[in-house]
Amino acid sequence: MATADSTTAGVEKPAEAEMARLDSTPGLIVVGGGIAGVTCTETLSDLCPEEEITLISASPLIKTVTNFNQISYVLEEFEVEERPAAALQTRCQNVRVVQDMVTEIDSTNRKITTQSGLKIQYKKLCVCTGGIPKLICKDNPLVLGIRDTESVATFQKKLTGAKRVVVVGNGGIATELVYEIEGCEVVWVIKDTSISSTFVDAGAAEFFLPHLVKDKEPAQGPLKRHKYEVADLEAARRTQPTKGGALGPDWNTGLDMKGQARGSHQVHVEYQSEVKSVWTPSEFKSSNKTADCVPSSTTSSEKPATETTEWPVYVHLTNGKTYGCDFVVSATGVTPNTALFQNQINIDLADDKGMKVDDHMRTNNEHIYAAGDVCTASWEPATHWMQMRLWSQARQMGAYAAKCMVADATGESISQDFCFELFAHVTKFFGYKVVLLGKYNAQDLGNEYEILLRVSDDREFVKVILCNGKMYGAILIGDTDLEETFENLILNGLDLSRYGEDLLDPNIEIEDYFD
């Protein structure tokens with residue numbers, strides 16, 4: 001593991017003369033060292049090599065996109081590295097990174113103030129402060145939110161001594177966790193009728209279900225990416241408790257997620273249930289409830305034995321069951337991190353508390369922009385696009401916000417990036433490549449659609465959404481090699497009625513039809 005002992009030296013507090021200069025020289029400012037913020041900063045640096053750009057990051061480590069691969073016209077995949085903030089200054093000579101927290105925004109005079117007392121004027125400001133985990137129980141050391149590198153390190157440390165963990169949530173982080181955890185019982189609590197419903201439907205969930213108990217495939221090859229740690233990061237956290245940027249798409253690569261017990265998976269799913277209470281051992285005893293055992297996958301039809309183990313924490317569910325465990329992982333999504341902006345400036349917020357942005361990533365203040373998890377797209381979306389708070393969209397929004405900031409500052413006209421024409425996301429669940437295109441779950445289509453399916457056990461799952469003969473979305477699980485063809489079919493709006501089920505016939509090279 002590479003270390004960066006001098007990281008903070010590269011981003012230390014400026015001297016008084018430098019502070020005075022910053023106070024009197026307006027520049028382009030980005031707040032937030034996550035994927036959206038760093039991408040915005042890098043893009044600004046490329047577009048305006050003569051302009052001074054300041055990135056304010058609460059963490060000494062920032063997120064950088066690496067190994068970027070444009071799979072198709074819209075679909076992209078990449079990895080994310082955590083690097084010392086000073087590395088960005090070395091790569092982008094017109095960028096200065098300030099490790100600090102913004103405490104005040106004066107939108108009238110276009111000036112921000114940081115926790116250390118630094119005052120910086122801005123021409124344009126882009127807010128990329130990300131999201132805050134929705135914890136089911138705040139201020140409980142045995143309830144963890146998985147959001148950034150620090151929280152993952154805490155999770156790993158607790159897992160090494162654990163025999164049972166309760167995971168709450170049904171999104172990407174929860175899905176990846178229950179698959180990766182080994183040597184530990186997992187109780188997966190979801191409010192839905194099928195697993196991973198944030199991304200896939202019940203049919204795809206059935207395809208994944210056997211992998212909850214199967215042994216994982218061994219990792220292929222060593223981890224090639226560098227991981228950095230800052231020597232005095234713990235001291236920095238004690239004096240300035242902050243959170244780093246959100247995890248990237250390959251956050252779990254190379255991580256050891258093993259508990260105390262032997263064996264691979266033992267996952268029990270509690271469907272259509274939520275956490276009602278989190279109890280200490282004494283509160284559990286006072287409740288007069290009986291703790292439930294985790295059913296064995298081999299004796300699921302038998303009545304579970306009586307739970308006799310005493311656990312550090314107990315989770316009482318809305319279905320009446322109670323499970324003891326070593327700790328709880330709360331992976332129930334995020335809330336846009338807009339608290340500072342709600343209290344100090346008149347920024348319009350959406351119902352989900354995200355900063356409303358128009359099709360130029362502008363808020364209702366013409367000099368303040370937002371990108372990533374902190375914002376809510378408030379323009380009329382394209383037919384096949386929707387916002388989801390994902391790493392891919394954070395990168396796209398950060399890059400596009402930078403282009404808009406420059407265009408608006410120079411009075412140029414700019415068209416919205418093509419990436420907002422089609423929702424496209426690639427990830428990996430249960431060891432399978434997963435591609436989501438367009439309205440992949442028939443979002444907003446009512447009942448006026450049909451579904452085509454092709455399923456090969458343990459190999460691939462292909463689902464296509466057709467509406468009025470046109471393809472509106474698709475889910476591709478496994479190495480189908482159909483993503484580029486389907487992307488084109490969705491965007492071109494071709495009438496596919498005459499093909500019927502032949503569209504998914506594995507004996508027909510569908511790519512040749514539409515080459």
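For the numbers below, each heavy atom of this structure counts, side chains included, while hydrogens, waters and symmetry mates do not.
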Stepwise side-chain hydrogen bond (donor to acceptor under 3.5 Å, both in side chains) test for Asn488 and Tyr73: CA-CA 9 Å; Asn488 289 330; Tyr73 200 55; over 6 Å; no
Are [X] and [Y] close enough that some pair of their side-chain heavy atoms sits under 4.5 Å apart?
{"X": "Asn364", "Y": "Lys356", "value": "no"}
{"X": "Leu212", "Y": "Val178", "value": "yes"}
{"X": "Leu44", "Y": "Glu51", "value": "no"}
{"X": "Glu82", "Y": "Ile62", "value": "no"}
{"X": "Asn94", "Y": "Glu52", "value": "no"}
{"X": "Ile190", "Y": "Ile195", "value": "yes"}
{"X": "Phe327", "Y": "Val165", "value": "yes"}
{"X": "Tyr122", "Y": "Lys111", "value": "no"}

Less than 3.5 Å apart, any donor N or O on the side chain of [X] or [Y] sitting next to an acceptor on the other?
{"X": "Ser59", "Y": "Ser57", "result": "no"}
{"X": "Ser72", "Y": "Glu483", "result": "no"}
{"X": "Asn67", "Y": "Glu79", "result": "yes"}
{"X": "Tyr432", "Y": "His211", "result": "yes"}
{"X": "Asp201", "Y": "Tyr440", "result": "no"}

Test side-chain hydrogen bond (donor to acceptor under 3.5 Å, both in side chains) applied to Thr113 and Thr103, step by step: CA-CA 6 Å; Thr113 303; Thr103 57; 5.6 Å; no
Ion pair present between [X] and [Y], side-chain N to carboxylate O less than 4.0 angstrom?
{"X": "Glu81", "Y": "Lys63", "value": "no"}
{"X": "Arg395", "Y": "Glu76", "value": "yes"}
{"X": "Glu42", "Y": "Arg91", "value": "yes"}
{"X": "Lys403", "Y": "Asp417", "value": "yes"}

Sequence-distant partners of Asn69, side chain to side chain contact (heavy atoms under 4.5 Å, CB included), two or more places apart: Ile71, Glu77
CG/Asn492: more than 12 non-hydrogen atoms of other groups inside 6.0 Å: yes
Thr198 vs Asn170, side-chain hydrogen bond (donor to acceptor under 3.5 Å, both in side chains): CA-CA, chis, key distance, verdict: CA-CA 6 Å; Thr198 301; Asn170 205 14; 5.7 Å; no
How long is the straight-line distance from [atom2] of [Y] back to [atom1] of [X], given to the nearest 0.5 Å?
{"X": "Met388", "Y": "Asp373", "atom1": "CE", "atom2": "CG", "answer": "11.0 Å"}
{"X": "Gln387", "Y": "Cys375", "atom1": "CD", "atom2": "SG", "answer": "5.5 Å"}
{"X": "Leu476", "Y": "Leu75", "atom1": "CG", "atom2": "CG", "answer": "9.0 Å"}
{"X": "Phe78", "Y": "Phe68", "atom1": "CZ", "atom2": "CZ", "answer": "7.5 Å"}
{"X": "Tyr369", "Y": "Leu125", "atom1": "OH", "atom2": "CG", "answer": "10.5 Å"}
{"X": "Ile29", "Y": "Met405", "atom1": "CD1", "atom2": "CE", "answer": "9.0 Å"}

Does the [X] side chain pair with the main chain of [Y], one donor and one acceptor, at a distance under 3.5 Å?
{"X": "Thr129", "Y": "Asn337", "result": "yes"}
{"X": "Asn441", "Y": "Gln443", "result": "no"}
{"X": "His360", "Y": "Gln416", "result": "no"}
{"X": "Gln121", "Y": "Arg110", "result": "no"}
{"X": "Thr39", "Y": "Ile35", "result": "yes"}
{"X": "Ser196", "Y": "Val200", "result": "no"}
{"X": "Gln93", "Y": "Thr90", "result": "yes"}
{"X": "Ser45", "Y": "Thr41", "result": "no"}
{"X": "Thr332", "Y": "Lys134", "result": "yes"}
{"X": "Asp100", "Y": "Thr114", "result": "no"}

Tyr400 and Phe420 aromatic centres sub-6.0 Å: yes
Of all heavy-atom pairs between [X] and [Y], which one has the smallest distance, and what is that distance?
{"X": "Pro336", "Y": "Val374", "result": "CB-O, 3.7 Å"}
{"X": "Val74", "Y": "Ala424", "result": "CG1-CB, 3.7 Å"}
{"X": "Cys40", "Y": "Ala402", "result": "O-CB, 3.5 Å"}
{"X": "Met397", "Y": "Gly372", "result": "SD-N, 3.6 Å"}
{"X": "Leu135", "Y": "Lys138", "result": "CB-CG, 4.3 Å"}
{"X": "Ala174", "Y": "Val167", "result": "CB-CG1, 4.0 Å"}

Qualifying side chain to side chain donor-acceptor pair (under 3.5 Å) pairs with a residue from residues 374-383, counting only residues at least two apart or across chains: Asp352-Thr376, Thr376-Arg389
Under the salt bridge (charged side-chain N to carboxylate O under 4.0 Å, His left out) test, residues paired with Asp46 that sit two or more places apart: none
Verdict with supporting geometry, Phe423 and Leu437, side chain to side chain contact (heavy atoms under 4.5 Å, CB included): CA-CA 6 Å; Phe423 174 83; Leu437 296 173; over 6 Å; no
CA sep, side-chain torsions, deciding dist, call: Phe199, Phe429, ring pair (Phe, Tyr, Trp, His ring centres under 6.0 Å): CA-CA 10 Å; Phe199 291 94; Phe429 291 147; 5.4 Å; yes
Evaluation steps, salt bridge (charged side-chain N to carboxylate O under 4.0 Å, His left out), between Asp408 and Lys124: CA-CA 9 Å; Asp408 291 346; Lys124 300 288 183 182; 5.3 Å; no
Intermediate values then yes/no, side chain to side chain contact (heavy atoms under 4.5 Å, CB included), Tyr179 and Val186: CA-CA 10 Å; Tyr179 176 69; Val186 178; over 6 Å; no
Stepwise side chain to side chain contact (heavy atoms under 4.5 Å, CB included) check, Gln99 with Ile56: CA-CA 6 Å; Gln99 187 197 333; Ile56 301 176; over 6 Å; no
Among Leu422, Asp444, Ile465, side chain to side chain contact (heavy atoms under 4.5 Å, CB included) partner for Lys439: Asp444
